[in-house]
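I have placed the structure first, in the form of structure tokens, so that the comments after it can refer back to it.
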Amino acid sequence: MYERIVIVEDDDSIRRLLEVALKSNGYDVAAFDNAVDALDDMAKTTPRLVTMDIMMDGLDGIEALKLMRASPTLKSVPVILLTAKDQEIDKISGLDAGADDYVTKPFSVLELCARIRARLRTTGELGGQPVYEYGALKINPDTRETWVDGRLVELTFKEFELLKFFMEHPDKSLPRKLLLDRVWGADYVGETRTLDIHIGTLRQKIGDSPDNSRYIKTVRGIGYRFVGQGQ
């Protein structure tokens with residue numbers, strides 16, 4: 001399997017540290033101190049994963065991520081954002097731009113390597129879209145099939161889109177507005193109760209319940225969180 005990882009980080013010490021750590025883990029690493037050069041390289045050779053700093057001179061990480069998601073060849077490449085920002089709104093902005101995960105500086109290199117391995121395990125090559133599997137749950141975005149404990153389960157279009165978005169962002173508290181925007185569209189003007197109803201039916205179909213849920217947890221005052229380990 002081709003395991004090329006691109007590092008985009010303008011801090012020399014962090015970039016060199018990540019490069020050494022990832023190479024020692026057997027990855028083919030290309031490191032850049034700016035997003036423009038990194039995008040030029042990715043246009044020639046598609047990586048398996050990208051770690052992207054947000055705060056960079058010139059083209060910042062969020063704008064670079066948006067360009068990747070607009071590219072036919074790069075739109076499905078997993079991206080982990082590295083950021084010194086720890087405010088919830090900054091994390092939401094990264095997820096909304098298409099990030100698969102984020103790590104707040106200062107961070108543990110061992111933790112980052114573990115997250116990279118986990119992300120690569122969930123990324124398949126079926127039509128360019130990842131297959132996600134957590135615990136007893138598995139979804140295939142290409143065929144739009146869902147399995148629970150090895151049993152095929154029928155989901156509606158919105159239920160599948162919700163579950164897919166949850167599984168794309170495990171262990172993150174996702175605000176209700178973000179879920180509505182991503183699944184129903186930014187121009188949706190209906191009641192937020194619609195989200196709760198769909199969450200309820202989705203929970204039933206995957207064997208969850210509000211009081212004893214393995215996967216979809218209610219985060220009071222915010223929204224919902226998908227527990228990646230299914231605990």
- Output yes when D181 and K177 qualify as a salt bridge under the 4.0 Å nitrogen-oxygen rule, no when they do not. yes
- Task: Decide yes or no on ring-ring contact (aromatic ring centres under 6.0 Å, His included) for Y134 and F226, but give the supporting numbers first.
- Result: CA-CA 10 Å; Y134 292 104; F226 179 81; 5.7 Å; yes
- Query: If every non-hydrogen atom of S173 is compared with every non-hydrogen atom of P175, which pair is closest and at what distance?
  - Reply: O-CD, 3.5 Å
- Message: Consider side-chain contact (heavy atoms from CB on, under 4.5 Å). Of L162, I199, V219, L178, which one does Y224 pass it with?
- Response: I199
- Message: Taking R151's backbone N and O only, do any of them form a donor-acceptor pair with D149's side chain (distance below 3.5 Å, no angle check)?
- Response: no
- Message: Does L18 form a side-chain contact (heavy atoms from CB on, under 4.5 Å) with F107? I'd like the steps, not just the answer.
- Response: CA-CA 11 Å; L18 290 178; F107 57 85; 3.9 Å; yes
- Message: Please determine whether side-chain contact (heavy atoms from CB on, under 4.5 Å) holds for the pair R176 and I222, giving the CA-CA distance in whole Å, both sets of side-chain angles, and the decisive distance to 0.1 Å.
- Response: CA-CA 7 Å; R176 296 162 62 84; I222 297 178; over 6 Å; no
- Going by an N to O cut-off under 4.0 Å, is there a salt bridge joining D101 and R117? no
- Query: Counting distance only, does the side-chain N/O of N140 pair as donor-acceptor with the main-chain N or O of E145 below 3.5 Å?
  - Reply: no
- Item | CD/E111: more than 12 non-hydrogen atoms of other groups inside 6.0 Å | yes
- Query: Is there a donor-acceptor pair under 3.5 Å between the side chain of T218 and the backbone N or O of R220?
  - Reply: no
- Scan L49, D28, V29 and name whichever one has a side-chain contact (heavy atoms from CB on, under 4.5 Å) with R4. D28
- Note on the structure: From the list V77, I80, I5, side-chain contact (heavy atoms from CB on, under 4.5 Å) with V50 holds only for V77
- Between K172 and Y102, is NZ or CZ placed under 6.0 angstrom from the six-membered ring centre and within 45° of the ring axis? yes
- Residue pair R214 / A136: nearest heavy atoms and the distance that separates them: NH1-CB, 4.2 Å
- Tell me, with the steps shown, if T51 and I116 meet side-chain contact (heavy atoms from CB on, under 4.5 Å). CA-CA 9 Å; T51 68; I116 288 173; 4.1 Å; yes
- Message: For the backbone of R225 and the side chain of H169, can you confirm whether one donor and one acceptor N or O come within less than 3.5 Å of each other?
- Response: no
- Item | Verdict with reasoning, Y215 to V227, per side-chain contact (heavy atoms from CB on, under 4.5 Å) | CA-CA 5 Å; Y215 297 105; V227 182; 5.6 Å; no
- Going by an N to O cut-off under 4.0 Å, is there a salt bridge joining E159 and R203? no
- Task: Answer with yes or no whether the hydrophobic clustering places W147 together with L137; edges join I, L, V, M, F, W, Y residues whose side-chain heavy atoms lie under 4.5 Å apart.
- Result: no
- Note on the structure: Heavy-atom nearest pair, K205 first then V153, reads O-CG1, 3.7 Å
- Under 4.0 Å between a Lys/Arg side-chain N and an Asp/Glu carboxylate O for D53 and K105? yes
- Item | Hydrophobic cluster identity match, M55 and L39, side-chain contacts under 4.5 Å | yes
- Message: For residues L74 and L59: do they belong to one hydrophobic cluster (side chain heavy atoms under 4.5 Å, members Ile, Leu, Val, Met, Phe, Trp, Tyr)?
- Response: yes
- Item | Carboxylate-amine/guanidinium contact R15 D12, below 4.0 Å | yes
- Does T45 reach the main-chain N or O of M42 with its side chain, forming a donor-acceptor pair under 3.5 Å? no
- So with a 6.0 Å cut-off around NZ of K158, is the heavy-atom count from everything else above 12? yes
- Query: So, the side chain of D41 versus the backbone of D37: is there a donor-acceptor pair under 3.5 Å, distance only?
  - Reply: no
- ILVMFWY cluster, V20 and V8 together (side-chain gap under 4.5 Å): no
- Message: What I want to find out is whether K66 reaches E63 closely enough, with some N-O distance under 4.0 Å, to be called a salt bridge.
- Response: yes
- Item | Linked, directly or transitively: V36 and V6 (ILVMFWY side chains, under 4.5 Å) | yes
